[in-house]
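Keep in mind that the numbers below use all heavy atoms, side chains included, and drop hydrogens, waters and symmetry copies. All values derive from a computational prediction rather than experimental measurement.
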Amino acid sequence: MYDYICETPTALRHIIDDRKRITAEFVDTFKDADISTVYLIGSGTSYHAGVSAKLFLEELTGWKIAPMYPTRFARDERVYDEKSLVIGISQGGQSLSTVEGLDAAAKRGLLTAALSENPTALVFDHAQTKTLLEVGNEKCGAKTKGYGGSIATVMMMLAELALAKGLTTEDALDAYLGRMRKVIENLPAVIDAASKWYERIADDFFDAKRIIVVGYDGMYGDVLEGALKILETVRQGVTGYDIEEFFHGIYNSITEDSYLFYLASSGDYKPRTLKLIDILSEWTSHNYLIGSPEGIDRPTDFDCIVPMVDDPLFSCWEYVIPLQMVACKASQAHGIDPSIPKDPLFHARIGSKKLDGVRDNYTSKQ
């Protein structure tokens with residue numbers, strides 16, 4: 001898992017640099033289609049990738065971008081735009097809920113596409129196009145570089161489609177790509193700082209049973225993904241909240257047994273995050289701040305302070321790294337192998353994935 005975290009910058013650069021080949025089938029199929037809404041459907045990490053890609057894609061295309069869980073799309077989305085494209089994201093490719101969502105889209109006469117790392121993915125059989133997630137196979141079910149890679153790939157799919165449809169220009173896209181590369185170049189420094197930071201909090205965090213992740217704006221996908229990663233690997237109770245949602249009642253539950261991570265990205269909520277930590281420090285000593293040094297006058301050893309690029313559209317690749325590091329190293333401290341699910345047969349027993357004939361290392365994937 002640690003190796004996959006370290007491989008993330010290389011994977012992201014590859015996806016961006018080779019984007020035209022990766023997205024060619026997708027772009028050729030839909031370049032003349034009438035589209036005004038794009039649904040990004042997926043479960044777990046795949047859903048969180050859609051949340052993190054949303055802001056950039058809406059700014060670039062002018063389309064409504066709607067990340068949704070597949071079952072919510074299939075069963076609850078009764079009123080929808082008939083000019084919709086539905087992209088099913090499933091790294092392992094065998095998610096039956098994503099298949100259900102794609103089938104529901106096709107039945108409604110909507111356009112469908114699928115994204116997966118698995119070349120023989122089941123989801124590819126239920127969509128008009130298939131796009132490979134070229135991050136290399138992750139044998140660990142708790143995906144890390146797959147999260148960043150899914151964000152990058154769906155961004156490149158729709159960016160190249162927007163370019164082909166005349167919704168943006170080469171110059172405008174190049175400017176965005178430059179911002180992406182700036183964030184990617186900073187990731188090794190974030191990885192190094194996050195690794196050292198975990199060692200500082202390891203003893204304090206070891207006994208954590210109730211864990212909360214708080215964040216806002218473009219890092220909300222990281223809030224959800226970071227909570228999931230720690231929950232999957234450390235296997236304790238973890239929840240993630242938008243900070244404003246946390247203000248509206250959740251704070252009442254904080255006690256000394258609560259352990260909180262704060263994604264303090266740049267913006268008007270950063271000062272309020274620092275104020276929140278001051279207040280909650282009266283109730284719990286387990287507060288872990290993640291962010292750039294700007295505006296932080298009294299950092300502690302519990303804080304992961306590293307110069308982030310703090311790009312509102314692309315720093316989702318930065319802020320998730322410390323939480324991935326906690327998931328990786330804390331699970332090891334507890335003697336848990338994050339590549340082995342608690343029940344390797346769970347998906348077969350519950351019927352959530354098609355596993356027959358699938359490589360073993362796909363059995364725990366979303």
Side-chain angles (χ1 to χ4, degrees), residues 1-17 45 52 135-136 138 140 142-149 151-152 178-206 208 211 213 215 218-219 221-223 225-230 232-234 259-266 270 273 286-296 298-334 338-339:
M1 189 173 177
Y2 179 82
D3 289 344
Y4 294 145
I5 295 171
C6 294
E7 290 167 9
T8 297
T10 299
L12 296 180
R13 279 191 290 267
H14 164 68
I15 291 166
I16 292 172
D17 291 345
T45 293
S52 288
V135 296
E138 280 191 270
C140 184
K143 298 175 291 295
T144 51
K145 66 175 176 176
Y147 170 64
I151 296 169
R179 289 168 58 181
M180 293 180 193
R181 290 189 176 101
K182 185 177 180 181
V183 172
I184 293 167
E185 290 304 311
N186 194 47
L187 292 184
V190 179
I191 292 170
D192 182 63
S195 181
K196 294 173 181 175
W197 163 70
Y198 174 78
E199 299 307 321
R200 298 197 302 271
I201 70 169
D203 289 343
D204 184 73
F205 184 72
F206 185 83
I211 305 157
V213 183
M219 308 312 129
D222 286 355
V223 169
E225 177 63 9
L228 175 62
K229 284 288 94 69
I230 297 172
E232 284 182 298
T233 58
V234 181
Y259 294 69
L260 292 98
F261 294 93
Y262 308 83
L263 303 189
S265 53
S266 179
K270 186 170 184 177
T273 301
H286 314 295
N287 296 286
Y288 312 114
L289 174 68
I290 299 169
S292 291
E294 290 79 15
I296 301 174
R298 294 174 287 123
T300 73
D301 284 343
F302 280 8
D303 299 335
C304 183
I305 306 300
V306 55
M308 305 281 194
V309 175
D310 262 328
D311 190 297
L313 300 182
F314 308 118
S315 281
C316 52
W317 290 321
E318 294 180 304
Y319 276 85
V320 76
I321 294 289
L323 299 175
Q324 291 175 337
M325 197 65 67
V326 171
C328 172
K329 294 198 170 192
S331 60
Q332 293 178 43
H334 284 276
S339 68

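- The CG atom of Asp222 sits 12.0 Å away from atom CG of Leu228, with the distance rounded to the nearest 0.5 Å.
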Side chain to side chain contact (heavy atoms under 4.5 Å, CB included) between Lys329 and Gln324, worked out: CA-CA 9 Å; Lys329 294 198 170 192; Gln324 291 175 337; over 6 Å; no
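- When side chains are defined from C-beta on, Lys270 counts as touching Ile296, because their heavy atoms get closer than 4.5 Å.
- Annotation: the span from Leu323 atom CG to Met219 atom CE amounts to 12.5 Å, rounded to 0.5 Å.
- For the pair Ile201/Tyr288, a side-chain contact is recorded, criterion being any heavy-atom separation below 4.5 Å from C-beta on.
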Check against side chain to side chain contact (heavy atoms under 4.5 Å, CB included), Arg181 and Ile16: CA-CA 9 Å; Arg181 290 189 176 101; Ile16 292 172; 3.6 Å; yes
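- Counting only heavy atoms from C-beta outward, the side chains of Lys182 and Asp311 never approach each other to under 4.5 Å.
- Under a 3.5 Å cut-off, the side chain of Asp310 and the backbone N or O of Ser265 do not form any donor-acceptor pair.
- Taking each heavy atom of Pro322 and Cys304 in turn, the nearest pair found is CG-SG, 4.0 Å.
- Residues Glu232 and Pro338 are not in side-chain contact: their nearest non-hydrogen atoms beyond the backbone lie 4.5 Å or more apart.
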Show the numbers, then the answer: is there a side chain to side chain contact (heavy atoms under 4.5 Å, CB included) between Trp317 and Met180? CA-CA 9 Å; Trp317 290 321; Met180 293 180 193; 3.9 Å; yes
Walk me through whether Leu263 and Leu289 qualify under side chain to side chain contact (heavy atoms under 4.5 Å, CB included). CA-CA 7 Å; Leu263 303 189; Leu289 174 68; over 6 Å; no
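- Without hydrogens or angle criteria, Arg13 side chain to Glu185 main chain gives no donor-acceptor distance under 3.5 Å.
- The shortest heavy-atom contact between Cys316 and Ile151 is SG-CD1, 4.1 Å.
- Each of Asp192, Ile191, Thr144 was checked for a side-chain contact (heavy atoms from CB on, under 4.5 Å) with Ile321, and the lone residue meeting it is Ile191.
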Go through Asp3 and Lys145 one step at a time and tell me if the salt bridge (Lys or Arg N to Asp or Glu O under 4.0 Å) criterion holds. CA-CA 9 Å; Asp3 289 344; Lys145 66 175 176 176; over 6 Å; no
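- Judged purely by distance below 3.5 Å, without hydrogens or angles, the side chains of Glu294 and Ser266 never pair a donor atom with an acceptor atom.
- Residues Pro312 and Arg179 have side chains in contact (heavy-atom distance under 4.5 Å, counting atoms from C-beta outward).
- A salt bridge does not link Lys196 to Asp301: none of the charged side-chain nitrogens sits closer than 4.0 Å to a carboxylate oxygen.
- When every heavy atom of Gly149 is checked against every heavy atom of Leu12, the shortest pair comes out as N-CD2, 3.8 Å.
- Taking 4.5 Å as the limit, every side-chain heavy atom of Leu260 sits out of range of all side-chain heavy atoms of His286.
- Between the side chain of His334 and the main chain of Thr233, no donor-acceptor pair closer than 3.5 Å is present.
- Counting heavy atoms from C-beta outward, Val135 and Thr8 have side chains that stay 4.5 Å or more apart.
- Separation of atoms SG (Cys140) and CD1 (Ile5) is listed at 9.0 Å; rounding is to 0.5 Å.
- When all heavy atoms of Thr273 and Ala264 are compared, the closest pair comes out as CG2-CB, 4.2 Å.
- The backbone N or O of Val309 lies less than 3.5 Å from a partner atom in the side chain of Glu318, making a donor-acceptor pair.
- Side-chain contact annotation: Asp204 with Tyr259, donor-acceptor N/O pair under 3.5 Å absent.
- Within the 3.5 Å criterion, the main-chain N or O of Thr300 finds a donor-acceptor partner in the side chain of Asp303.
- Within the 4.5 Å cutoff, the side chain of Val306 has no heavy atoms near those of the Ser292 side chain.
- When all heavy atoms are compared, the tightest approach of Val234 to Ser331 is CG2-N, 4.1 Å.
- Among the candidates Tyr198, Phe302, Tyr319, Phe205, the single residue satisfying the ring-ring contact (aromatic ring centres under 6.0 Å, His included) test with Phe261 is Phe205.
- Using a distance-only test at 3.5 Å, with no hydrogens or angles considered, a donor-acceptor pair links the side chain of Lys229 to the main chain of Lys143.
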